[in-house]
There are 2 protein chains.
Amino acid sequence: MTAIKTTVRIKRAPAERRAQFLDCAQALFFTRGYDAATVNDIIERAGLSKGAFYHYFDSKEALLDALTERVAAQIVADAEAVLEDPALDALSRLNAFLEQGRQWKIERAPALKSAYTAVLRADNVMLNQRLIDATARVVLPVLTDIVREGVREGLFHPPSPEMVAEILLQMSHARMSVAVEAMARAAAGDLDGAVALLESRLADESAVVERLLGVAPGSVRLVEPGFLRAMLAALS
Amino acid sequence: MTAIKTTVRIKRAPAERRAQFLDCAQALFFTRGYDAATVNDIIERAGLSKGAFYHYFDSKEALLDALTERVAAQIVADAEAVLEDPALDALSRLNAFLEQGRQWKIERAPALKSAYTAVLRADNVMLNQRLIDATARVVLPVLTDIVREGVREGLFHPPSPEMVAEILLQMSHARMSVAVEAMARAAAGDLDGAVALLESRLADESAVVERLLGVAPGSVRLVEPGFLRAMLAALS
DNA sequence: CCCTAGTAGACCGACGGTCGGTCTGCTATC
DNA sequence: GATAGCAGACCGACCGTCGGTCTACTAGGG
């Protein structure tokens, strides 16, 4: 009846296929957004079928979970060296961890702008929330440990280590919208304004963290001289 | 062919109809969730038609916006007396504002439990985010003003008034999940554990705020003796 | 040692059901 | 009779399902 279409079939290692779907989904989710990117879009980009998709993932949402999980796992993997180094005291470890984050941003600078704006779009809350949750699950324990370590070492004097770690993380999430605003300004030609905006935000954050940890001003390095300008210039 | 059904038509003031939709949607969104509650569910509950729905709202999302806007507006309206009272200094105003929040919770205690759990469900991120955004838009300026006022009065010494206000708000949002956990414990019979959990959380938050504002411990009243126990007992 | 029947599971794509949204036209009111 | 308010049949897009196909591998007979 219906003509049987014989398509070329290439078989690959399952893990590879999964990754292939995840890669395509990531690209689409971070540009069009989670809702706007349909399963058909994903399979088209992957050059695979509906059947293949649902062979590897129970649902579109399950794919999102797998994706955010992968991102979160990458973060701790990158930071492992810093987190395990026994030579560091708590403050150095915290600063090294923050530096790691800056490094991470430099490496993926090209993708960052579209990712940030995509994630913050009103119709893309799902992706944003899942990313926040997934990263929080892995980063929050790490931060809490560092703060507790600092307390043991007598370096930090926070009212509550857990709350301070939580606030540190929340501030970095809230910072995204400021970063988007800054990138917009930079794109509009106002590089100085953009730098100033983010710099003052980060200065405020630093002051808050230092106050909470009970350390001297300037101890916590949220911002590195020149970093913001280089970053914002590269992104516009 | 199909028999024409003549339904009784009741004419009402447009604002009233709008409110009717909003009421029904609110009830459904806070129980089933935003995605799960379909437009058909809403119009069925309201006893009205698709045509009526799309006569008053451009889309389902527009309805959500209107709903969150209404909630946010209610919050400032309730708090206006406290916010305008010129007799209060900044610390008293802050405490009065927090007390107002507690009062608000007592009044709507019956709906709170289901609302909290519904809002925090993974598949209900949209509702949660819109509520947070809408309330932030109205509450953040208010909090920032109070903190700035305290600085002028020489009562507060924050590293950054804006950041402190932001943190205050974020903590209260993050608190929701702790509250849900506490309500679960209370429902499981462990009222003491539930009270202890929330009490320690609020103590930590108070300590953080006091440290940030540079005021004496005990100055900020996030928790009132007996309030938590009464609340949790009523909810389980 | 090769050849082949048998099997697991990777992969296909038409189809179903649901849901947000549109459109035509009726109806009560002025 | 004109018009705003409203009814509900209808549309298209989407997610997820399902019967089935095709490839790679394995086991056992020649």
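Naming convention: chains lettered A, B, ... in sequence-line order (proteins, then strands); numbering from 1 in each chain. Only this structure's heavy atoms are used, side chains among them; waters, hydrogens and symmetry mates stay out.
If you measure from atom OH of A/Tyr34 to atom P of D/dC14, you get 14 Å, rounded to the nearest angstrom. The interatomic distance linking B/Lys60 (NZ) with C/dT18 (C1') rounds to 12 Å, in whole Å. The CG atom of B/Leu63 sits 10 Å away from the P atom of C/dG21 (whole-angstrom rounding). The separation between B/Phe21 atom CZ and D/dG5 atom C1' is 11 Å, rounded to whole Å. Taking atom CG of A/Asp35 as the reference point, atom C1' of D/dC15 lies 12 Å away to the nearest angstrom. Taking atom OH of residue B/Tyr56 and atom P of nucleotide C/dG20, one finds them 21 Å apart after rounding to whole Å. B/Glu61 has its CD atom 12 Å from the P atom of C/dG20, to the nearest Å.
Shown here for B/Ala182 and B/Ala194, the closest heavy-atom pair between the two residues is O-CB, 3.2 Å. Taking both residues in full, the closest heavy atoms of B/Arg229 and B/Val195 are given as CA-CG2, 3.8 Å, listed atom of the first, atom of the second, then distance.
Proximity of residues 40-55 of chain B to DNA chain C (heavy atom under 4.0 angstrom from any strand atom) is restricted to B/Lys50, B/Tyr54.
Salt-bridge formation is detected for the pair A/Glu166/B/Arg201: a Lys NZ or Arg NE/NH1/NH2 atom is positioned less than 4.0 Å from an Asp or Glu carboxylate oxygen. Using a 4.0 Å cut-off between charged side-chain N and carboxylate O, A/Arg93 and A/Asp85 make no salt bridge. Taking a cutoff of 4.0 Å between a charged side-chain nitrogen and a carboxylate oxygen, B/Asp23 and B/Arg70 qualify as a salt bridge.
Two residues are said to be in side-chain contact when any heavy atoms from C-beta on lie closer than 4.5 Å; A/Met231 and A/Arg102 fail this criterion.
Put simply, the side chain of B/Lys50 never gets that close to the backbone of B/Ile43: no donor and acceptor are under 3.5 Å apart. Put simply, the side chain of A/Arg18 gets close to the backbone of A/Tyr56: a donor and an acceptor are under 3.5 Å apart. Under the 3.5 Å distance criterion, the side-chain polar atoms of B/Arg32 are left unmatched by any main-chain donor or acceptor of B/Thr38.
Overall, the helix from C/dC1-D/dG30 to C/dC30-D/dG1 carries an axis bend of 10° between its ends, with five pairs at each end and the value rounded to 10°.
For A/Arg17 and C/dC11, the shortest distance from a side-chain N or O to OP1 or OP2 is below 4.0 Å.
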